[in-house]
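Beneath this line is the structure, given in structure tokens, with notes to follow.
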Amino acid sequence: MEKHYDAKAAEAKWYPFWEKNGFFHSEPGKGEPYSVVIPPPNVTGILHMGHALNQTIQDVLVRWRRMQGRNTLWLPGTDHAGIATQNVVEKALKKEGKRRQDLGREAFVERVWEWKRQYGGTIVHQQRMLGNSTDWKRERFTFDEGCSRAVAKVFTQLYDEGLIYKGNYIVNWCPRCGTALANDEVEHEASHSHLWYVRYPVAGSAKGTSGEPYKDYIMVATTRPETLPGDTAVAVNPKDERYAHLVGKTVVLPLTGREIPVISDDYVEKEFGTGIVKITPAHDPNDFLVGKRHGLEEINIMNDDATMNALAGAKYEGMGRFECREAIVSDLEAGGFLDHVEDYDNQVGHCYRCHETVESRLSKQWFVKMKPPAAPAIEAVKNGSVRFVPERWSKIYFNWMENIQDWCISRQLWWGHRIPAYYFGDGKVVVAETPEAALEKAKAADPSVSAADLRQDPDVLDTWFSSWLWPFSTLGWPEKTRDLEYYYPTADLVTAQDIIFFWVARMMMAGIHFMGRPPFKNIVIHGIVRDAQGRKMSKSLGNSLDPLELIDMYSADALRFSIALITSLECDTKVNKEKFEIGRNFCTKIWNAARFMEMNGAGADFKPVEIAEPTADEKHILWATDAACRKLSSILEQYRIQDAALAVYDFFWTQICDWYVEYAKDAPDKTRAFAILRDVFWKALRLLHPFMPFITEEVAHQLGYVEAGESIMLARFPEGYTDAEKKAWGLSAETYDFVNAKREAITTLRALRAEYKIPPAAFVKATIATGDPRARGEEASLKKAMRAESVDFAPAGADLPMPSKITSFGTVYLSLEGLVDKAAESKRIAAELSKLAGFVKSAEAKLANENFTAHAPEAVVAEARRKLEENREKAAQLEKLAKLFA
RNA sequence: GGGCGGUUAGCUCAGUUGGUUAGAGCAGGACCUUUACACGGUCAAGGUCGGGGGUUCGAGUCCCUCACCGCCCACCA
């Protein structure tokens, strides 16, 4: 083996090897299925840390299940991402000095497809670099033919069921993207703004005198003066006595001279501002509802791009909304209508895509009624047929689902699934999966209609309208396919908390509604990757770590393992570059351990030997290996990825490398010791494989565990040793504990050496007082580990000279070769004595308490007694030592 | 305003149903170039588990309360 592990070479070699050999591919029919669909990243996306985390978790689960022998499918794909993709292509067009309108719809959409063909492979290429064992033969795209057919079918069915309707509604509108946004596509951010206090004169009131144009006026506080031309009322709270006399009167809308009524509505808060609100039904969601209740006129004063239109008044027409705000404020001031201005911080909505300030805007949109499909989706989690991991996310799910709003699904974009609604005649509409079917339906209503009379709705559907079908549209729905029958429902869905509503909840609803069963059994929610300061990683902050850079610097395995080790499902993960050194260092450790084996004849040329009569240390590693195998499977069953990573890390590093490899160097029977190491190492490699696929594959081949052309990824995940093996080798908890005790003795003597500053090169004389007959058999290994010239044994309880210490193995004594600073030692001993005295005192009190001895489990009481005795003995020893240094 | 979390060593976090003297990694300290590995080894140090009550023989763990931090949802213009 080479001295240094070449991660890049291994990654470049093994991924294509796996993919070409079809090791990721699954076909229905054989064995118990385990299926997972990947959360499809945006086709415009590039791999970020969130993907790395999300996909590491999935690949660990998927590789582990595959090694367990499950027929495993991890289905990859990408999302057509309506707004995001259209934006990317529009930006490219802009560089050519063109707008999408210059191309026209068809050419533009073709242009986006062109872009997709050219660049859409970026993220799937990057996913390969992570090592994802996804079945690329089944890769899907939310806008491919099959998914599109599913979308049309779903829209039509929901429409026929009365669950889709078209309505005039106030929607969140992104003026930059030129489309409506769903509520959850709007991000609210605190913004420093102002509250303008404006005087609205009471109709017919006389002219005022100093600066005020009218004597009688009411004061309105607003954050959005630019919408003033769209006001159609002012409102007060019905319980507000201050203004009761005004209700029913009219006031004059400043700058326009238009008279508008004063109404009363519960929505108005008496305490906020002046207690009087201007009502602009076309430009504010609340005002819209108030307007509906009171039958107010809706005056839309803006164009699609948030510039003012003619209804705003000739003076303001054509202005941008913020420019218009300034103009109106200045005109109000000039006209004496502006009373004063206060600073005010409020929440302003921004487009989640382009971050433009969102405008509330009146328009006709398509909606899905969500209450009916939500009910069974709530029930499925309540009755446990679908489980959130960690469980607490179900509360958030319920909270949202129980207050669910209708879903605005139309988007004024060109890139996306076109709404399958067709208009003809004067306002008649039919909804059908294909234009042909639509024509047929239209003809049924009006036989004179021809294809040319049908005009398809220009809008497209929200991207999530295709991704909510992902777990079954990707398996062939609406056809009744074998895949669907075999792989649906999927087993685990792994995703971050931020798309529980966008995606997870909607998939639940769609799965139940169209398939009759929830789309997955477990919803595994992980945190978000944050920077060292706890901020969300984002391009604008420039605090993102690039997983590709980390792969380049540390290797994919290092990235994966580090992520698994530092990520808890329970909370968000803070990362910085240094954290990925853990994984890199671990790779180096694995590589060197493998090299050590090869150098000692336990490499590819190894000739198997029967393992018989292992020593205590050998029994220990066999036992520890067995325990590690069992533990790993059981904690992975619970999705405790972090615990699993830690367990395998500790097993490999501490048990195998720190102790067993050191033992093996001077083992009494090296052939057997290395035969055991070879077996243990092979198990360890397989335990590691789900976390670190590349290096484990490379090492497995280098050491000859796997034949050329085969792969560790198809090897069986180790389950520990059989009862027969354990019996044959005489493995037992007692022996395991015995070796642990021996290690304690070794560690203690090392500490004594350090304490008394005995040079590392110096050989010491040690004595151990123990009644355990097995101890004498360990003399050689003790000598080696303690760097001792001699190890003598004394009977248990023998009164050893100082300095000696009590361990689980017995009392250990180190003969002092050099001089010791008596004063310093005396001081140190006194401190330790007082600490011990405290332990003894509290233990005595505890054991004197009858309640404790009566209620606590027997083992706990016994352990407390044993510990007390031990501490008393330690204290007695120390006192002797104290005399020695007095 | 509603909901959900978090607060344990300098930093990042474990701590499964309450039960020994609360653990790990990193950083920092001392020592060690012992031929698998300095991306290493050995050892030591570091915590009144956010504050205050309560339940219990026993609380980091359960209950109440307060404080601070974070996230999500939401129509106070």
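Each chain gets a letter, A, B and so on, in the order the sequences are listed, and its residues count up from 1.
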Item to complete: Indicate whether OP1 or OP2 belonging to B:C43 is found under 4.0 Å from a side-chain N or O atom of A:T747.
Response: yes
Worksheet item: How about A:W591 and A:Y5: are their ring centres within less than 6.0 Å of each other?
Response: yes
Item to complete: Please state how far atom NE2 in A:H194 lies from atom P in B:A77, giving the value in whole angstrom units.
Response: 15 Å
Worksheet entry | Span that lies between the C1' atom of B:A59 and that of B:G19, in whole angstrom | 10 Å
Worksheet, complete the sentence: Contacts of A:W173 meeting ring-ring contact (aromatic ring centres under 6.0 Å, His included) (sequence neighbours excluded), chain-then-number -> none
Worksheet item: After noting the C-alpha distance and the side-chain angles of A:F674 and A:F606, does the key distance pass the ring-ring contact (aromatic ring centres under 6.0 Å, His included) rule?
Response: CA-CA 9 Å; A:F674 277 90; A:F606 177 80; 8.9 Å; no
Practice prompt. For the pair A:S360 and A:D284, evaluate side chain to side chain donor-acceptor pair (under 3.5 Å) and give the outcome as yes or no after the intermediate values.
Written response: CA-CA 5 Å; A:S360 289; A:D284 182 281; 5.7 Å; no
Worksheet item: Can you name the residues that form a salt bridge (Lys or Arg N to Asp or Glu O under 4.0 Å) with A:E402, not counting sequence neighbours?
Response: A:K382
Item to complete: Could you tell me the separation between the CG atom of A:D287 and the P atom of B:C76, rounded to a whole number of Å?
Response: 12 Å
Worksheet item: What nucleotide among B:C71, B:C73, B:C43 has an atom nearest to a side-chain atom of A:F501?
Response: B:C73
Item to complete: Measure from CD1 on A:I396 to C1' on B:G6 and round the result to the nearest Å.
Response: 13 Å
Discussion item. I want to check one thing: is the phosphate of B:C4, taken as OP1 and OP2, less than 4.0 Å away from some side-chain N or O of A:R392?
Written reply: no
Worksheet item: With rounding to whole Å, what would you report as the distance between B:G47 and B:U21 at their C1' atoms?
Response: 13 Å
Fill in: Whole-Å distance separating the CH2 atom of A:W393 from the C1' atom of B:C73
12 Å
Discussion item. Tell me whether A:H4 at atom NE2 has more than 12 heavy atoms from other residues, nucleotides or ligands lying less than 6.0 Å away.
Written reply: no
Worksheet item: Would a distance-only check, ignoring hydrogens and angles, find a side-chain to backbone donor-acceptor pair under 3.5 Å from A:K784 to A:Y663?
Response: no
Discussion item. Suppose you measure atom P in B:G28 against the same atom in B:C11; what distance do you get, rounded to whole Å?
Written reply: 15 Å
Worksheet entry | Separation between the C1' atoms of B:A14 and B:C73, rounded to whole Å | 31 Å
Item to complete: Would you classify A:V268 as touching base, sugar-phosphate or nothing, given that sugar-phosphate means primed atoms plus P, OP1 and OP2, and contacts are heavy atoms under 4.0 Å?
Response: base
Worksheet item: For the residue pair A:Y554 and A:F580, does the interplanar ring angle fall in the parallel (under 30°), tilted (30 to 60°) or perpendicular (over 60°) class?
Response: parallel
Worksheet item: Taking for each residue the nucleotide of RNA chain B bearing the nearest heavy atom, is the 5' side occupied by A:T748 or by A:D284?
Response: A:T748
Worksheet item: For RNA chain B, which residues in residues 228-236 of chain A have a heavy atom at a distance below 4.0 Å?
Response: none
Practice prompt. Counting Watson-Crick and G-U wobble pairs whose two distances are both under 3.5 Å, find the runs of 3 or more in a row that involve RNA chain B.
Written response: B:1-7 with B:67-73, B:10-13 with B:23-26, B:29-32 with B:40-43, B:50-54 with B:62-66
Protein N or O to nucleotides 31-38 of chain B N or O, pairs below 3.5 Å:
from	atom 1	to	atom 2	distance (Å)
B:A36	OP1	A:K665	NZ	3.2
B:A36	O2'	A:N592	OD1	2.8
B:A36	O2'	A:R595	NH2	2.8
B:A36	N6	A:C657	O	3.4
B:A36	N3	A:N592	O	3.2
B:A36	N3	A:A593	N	3.3
B:C37	O4'	A:N592	OD1	3.2
B:C37	O4'	A:N592	ND2	3.2
B:C37	O2'	A:N592	ND2	3.4
B:C37	O2	A:K589	NZ	2.8
B:C37	N3	A:K589	NZ	2.9

Worksheet entry | Between A:T227 and A:K278, a side-chain donor and acceptor under 3.5 Å | yes
Item to complete: Please report, rounded to the nearest Å, how far the P atom of B:C43 is from the CD atom of A:E744.
Response: 12 Å
Fill in: A:Y197 and A:V341: CA distance, side-chain angles, deciding distance, side-chain contact (heavy atoms from CB on, under 4.5 Å) verdict
CA-CA 6 Å; A:Y197 285 80; A:V341 186; over 6 Å; no
Worksheet item: For the pair made of CG in A:D643 and P in B:G15, what is the distance, rounded to whole Å?
Response: 6 Å
Practice prompt. Could you check A:R361 against A:H283 for side-chain contact (heavy atoms from CB on, under 4.5 Å), going step by step and ending with a plain yes or no?
Written response: CA-CA 5 Å; A:R361 184 173 176 276; A:H283 294 282; 5.5 Å; no
Discussion item. Using 30° and 60° as the class boundaries, would you call the ring planes of A:W653 and A:Y649 parallel, tilted or perpendicular?
Written reply: tilted
Practice prompt. Determine, step by step, whether A:L703 and A:E598 satisfy the side-chain contact (heavy atoms from CB on, under 4.5 Å) criterion, reporting the C-alpha distance in whole Å, the side-chain angles of both residues, the deciding distance to 0.1 Å, and the verdict.
Written response: CA-CA 7 Å; A:L703 293 184; A:E598 192 184 53; 4.3 Å; yes
Practice prompt. Using whole Å, report how far CD1 of A:I525 lies from C1' of B:G5.
Written response: 14 Å
Worksheet item: Taking for each residue the nucleotide of RNA chain B with the nearest heavy atom, is it A:H4 or A:I746 whose nucleotide lies nearer the 5' end?
Response: A:H4
Practice prompt. Could you give me the CA-CA distance, side-chain angles and deciding distance for A:T222 and A:L195, then say whether side-chain contact (heavy atoms from CB on, under 4.5 Å) is met?
Written response: CA-CA 5 Å; A:T222 180; A:L195 204 48; 5.8 Å; no
Practice prompt. For A:Y197 and B:A77, give me the distance from atom OH to atom C1', rounded to whole Å.
Written response: 10 Å
Fill in: Rounded C1' spacing from B:C39 to B:U56 in Å
49 Å
Set out, line by line, the N/O atom pairs under 3.5 Å between protein and nucleotides 18-28 of chain B.
from	atom 1	to	atom 2	distance (Å)
B:U20	O2	A:E863	OE2	3.3
B:U20	N3	A:E863	OE2	3.0
B:U21	O4	A:N871	OD1	2.5
B:U21	O4	A:N871	ND2	2.8

Worksheet item: Which atoms form the tightest heavy-atom contact between A:I378 and A:Y397, and what is the distance?
Response: N-OH, 4.0 Å
Discussion item. Just to be sure I understand the rule, does A:G349 reach a base, reach only the sugar-phosphate, or reach nothing, if contact means heavy atoms closer than 4.0 Å?
Written reply: nothing
Practice prompt. Give me the ring orientation class for A:F691 and A:F561: parallel if the planes are under 30° apart, tilted from 30 to 60°, perpendicular past 60°.
Written response: perpendicular
Discussion item. Students often get this wrong, so: under 4.0 angstrom with heavy atoms, is A:R584 touching a base, only sugar-phosphate, or nothing?
Written reply: base
Fill in: P-based separation of B:C31 from B:C68 [nearest Å]
46 Å
Worksheet entry | Between B:C43 and B:G25 - P atom distance, rounded Å | 12 Å
Discussion item. Using atom P in both nucleotides, what's the gap between B:U55 and B:C63 to the nearest angstrom?
Written reply: 15 Å
